[in-house]
Amino acid sequence: MRNLFPKWSNTIPIKLIIALGLLGGGVVAAITYYATPKYTRVGYQPTQPVPYDHSFHAGQLGLDCRYCHHGVEKSSHANIPSANVCMSCHKNVKSDSPLLEVVRESYFGEDSNRDGKLSEEEDVNGDGLLTSGPSVPWVRVHKAPDYVYFNHAIHVNRGVSCVECHGRIDEMEEVYHAKHLSMAFCLECHRNPEMALRPNSEVTNLSWSAPTEPDEDPDLAQIHAGLELKNNWGVNPPLSCTGCHR
Amino acid sequence: MIKENDSLPLLSGKQYWKSLDELAETSEFRSWVGKEFPEGAELLDNVQRRGFLKTMAASFGLAGLGMAGCRRPEHTILPYGKSPEELIPGIPSFYATSRPTPFGFAPLIAESHQGRPTKIEGNPSFTKSGGSTDIYSQASVLDLYDPDRAKGSFTRETLRQGKDSSVRWKKVSTSSLLSKISDWPNEGGLAIITDSSDSLIREDLISKLVSGGAKHLEYEPIDPFLPESSLASSLKLPKNLRLLPKLSKASKVLSLDCDFLGNREPNSIINSRQFMSGRKVLNASDAGNMNRLYSVESDLTLTGGVADHRLRLSSSQMDAFAALFYAEILKLQKSKDTELISHLLKIGGEANVDTSWISECAKDLLKEPKNSVVLPGLHQSKSLHLLAFAINQSLGSIGTCLNYLPVPKRSSYSFADLSTDVDNGLVKSIIVLGGNPIFNCPNSGLGKLLGKIENSVHLGHAIDETSQLCQHHIGQSHFLESWDIGYSWDRSCIVPTQPLIAPLYDTLSDIELLSSIASNTNSSHDLTVFCHTIR
């Protein structure tokens, strides 16, 4: 009887298996690379309503983060500064820059001639109080999902610097998502907090590194300093699910 | 063989028709029903229905392909224009305030998130309640955000079209309405109807208006002051007598239809705390010292649930029960007053109760007479309150387990007086402050009176039955939006009410309304009245 299938068809099953394996592997690899926070989040940089520059204000001018993000040591939120914080300088500096118009509108509100006083005809809602204008709509860059409990105060007061989670903000012209802030990222530090701990006074100094003895490895210096702080403060970050998913 | 049921068609009931064509069974109707889709349904402007669905399905499919829907949604962070001092977003602030209730001012702590009150708890520095509150105070914060609130002031307008007329509420500015109302006292013939309150400012303002000739009527659907005024009149005292239980020392309590642990009686929070302190068992020897509660009641109440002995008795037999109980106490105390005892037995004759229950209970109470107390229910009759007074007196527990606190008499002006005044033309304008008397005092006849007079206004939380019969309605500010100060129920302290938030709408508090008509000022949300009264 004639062969129904030509000879080359004998290798089809093995070829198919290899092809499917490669395809499956490719899909898995693609998903782990393209569909995880490392790829989807890092580099996220929305356009802000005001081109506010951290590298200038925090970097060159040397303003402390807490000057603007004043809740960071006390509250779960770090807070974006309200318009009056910007206006404490920008009443005098660049006071008519068109870039800052949104901020000025938010600050002056009903006071339309911007003399700091409320006159009869400016009082639009008639309550006798100077009402400020609409908020500056800053676009959120970092966002923890609703099912995760995150608290800035706990971290900042235990010597965890902004740089661990937000990167070198003081070198960014416009803030972008520098770290991926996935669950693995949180847990990595919670398992070994000594890699990150530093004295409380250096938390907002993003360029800080542990002081080294001559020819000491900087990583080793950090671990020694971190371990000491960890023991002194009794630092024990939660690893159980309920610590973060309350 | 089963016989066919002839009457089956009859059982299928009435036949209904949906159009006259169907009833007449016209040929158009038959052909219309015959088709699957009515004519024209297939054609949507030259697009076939099937074709349309195909295109839509394809476009939905393609929309997913580009993952255009997988972009992260944009959130904004909206900081203040000018940040209030000391405010840190994420950290709540707490303010002491109080809630005006018919049972006095309840001291509270209100939690506020960025200026918005969110949660209410008792004020722990009011040691008697120790930081607990009742369900009404807990829930009261929701009233502030109630979507049915009156969001400003309104004037009733009747629109006529031919024979028909309809009523419409037109929004007006509160200040313009207020300046109109402020003239009413000058025109004479003003009556003010209020719910009860222990506010000192309101009392002061109203007495000012009353001395200027206005009438003041105070009402409450279930009058919490009836027992105290009836006691005063029976005992011929110049002041009302308010019963205040002091249960921390009580070892035997007999409740006569008095839900003193539940929410129906004033002071229930304090009562529960004091009563339960006598039930804490920390070691074996405490068990013998636990207090004991007898409850005679006509309903299922919290107090009955806690009671060691509960007797079911209809409300109407409470007097008879109390008389029998008093007689039993007198007998056990070997009283010589046989006349009183036989009189009591006569009153108690009609009671249908287990006499052994009464004698056991009386014996138990007499084991520690000074620490035993009888509590009559607020809604109970005058005679029951008098009997309870007498029993407590003969037990000797007044002072140890309860107090009768003399409190000032309330305004005695009644709806009947108002009615005669309106008929005689002595009252031309009526201001209803708070409450909803048309709904919860239906037999007061107020509805008719409001129809007879020239001016009427209702200050209330929402446009309700009372507003429907008034010409104007003014939205009432919530207590978290207003200043006030008043007595707690036991009159041991004076508690202020301070606003946590400026009024959300164009509303007024009763104080603001009264002060502007009393002094003809138009200052809304003003501190001066408040400070003035405190001084």
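Every chain is numbered from 1 and lettered A, B, ... according to where its sequence line falls, protein lines coming before strand lines. Values below: every heavy atom of this structure, side chains too, minus hydrogens, waters and symmetry copies. Just so it is clear, the model here is predicted, and its values are computed rather than measured.
Note: B:Ile77 leads B:Ile77, B:Ile88, B:Leu78 in heavy-atom pairs under 4.5 Å with chain A. Taking chain B as the reference chain and counting heavy-atom pairs below 4.5 Å, the highest number among A:Pro134, A:Gly109, A:Ser76, A:Ser75 is found for A:Ser75.
Sparse packing is recorded around NZ of B:Lys180, with 12 or fewer heavy atoms of other residues, nucleotides or ligands lying under 6.0 Å away. Counted within 6.0 Å of NZ on A:Lys38, heavy atoms from surrounding residues, nucleotides or ligands total 12 or fewer; the atom is thus considered open. Within a 6.0 Å radius of CD in A:Glu188, no more than 12 heavy atoms belonging to other residues, nucleotides or ligands are found. Atom CG of A:Leu187 is surrounded by more than 12 heavy atoms from other residues, nucleotides or ligands within 6.0 Å. Annotation: A:Glu174, atom CD; neighbour count of heavy atoms from other residues, nucleotides and ligands within 6.0 Å is above 12.
If you measure heavy-atom distances from A:Val136 to chain B, the contacts under 4.5 Å come from the backbone alone. For chain B, the nearby part of A:Val141 is the backbone; its heavy atoms alone come within less than 4.5 Å.
When side chains are defined from C-beta on, A:Trp138 counts as touching B:Pro79, because their heavy atoms get closer than 4.5 Å.
Using non-hydrogen atoms only and a strict 4.5 Å limit, the part of residues 77-87 of chain A facing chain B consists of A:His77, A:Asn79, A:Ile80, A:Pro81, A:Ser82, A:Ala83, A:Asn84.
A:His70 is linked by a ring pair (Phe, Tyr, Trp, His ring centres under 6.0 Å) to nothing, counting only residues two or more places apart in sequence or in another chain. For the side-chain contact (heavy atoms from CB on, under 4.5 Å) test, residues two or more places apart in sequence or in another chain that qualify with B:Thr194 are B:Ile192, B:Arg202, B:Ile206, B:His216, B:Glu218, B:Leu433.
For residues 74-93 of chain B, the set of pairs meeting the salt bridge (charged side-chain N to carboxylate O under 4.0 Å, His left out) definition, not counting sequence neighbours, is empty.
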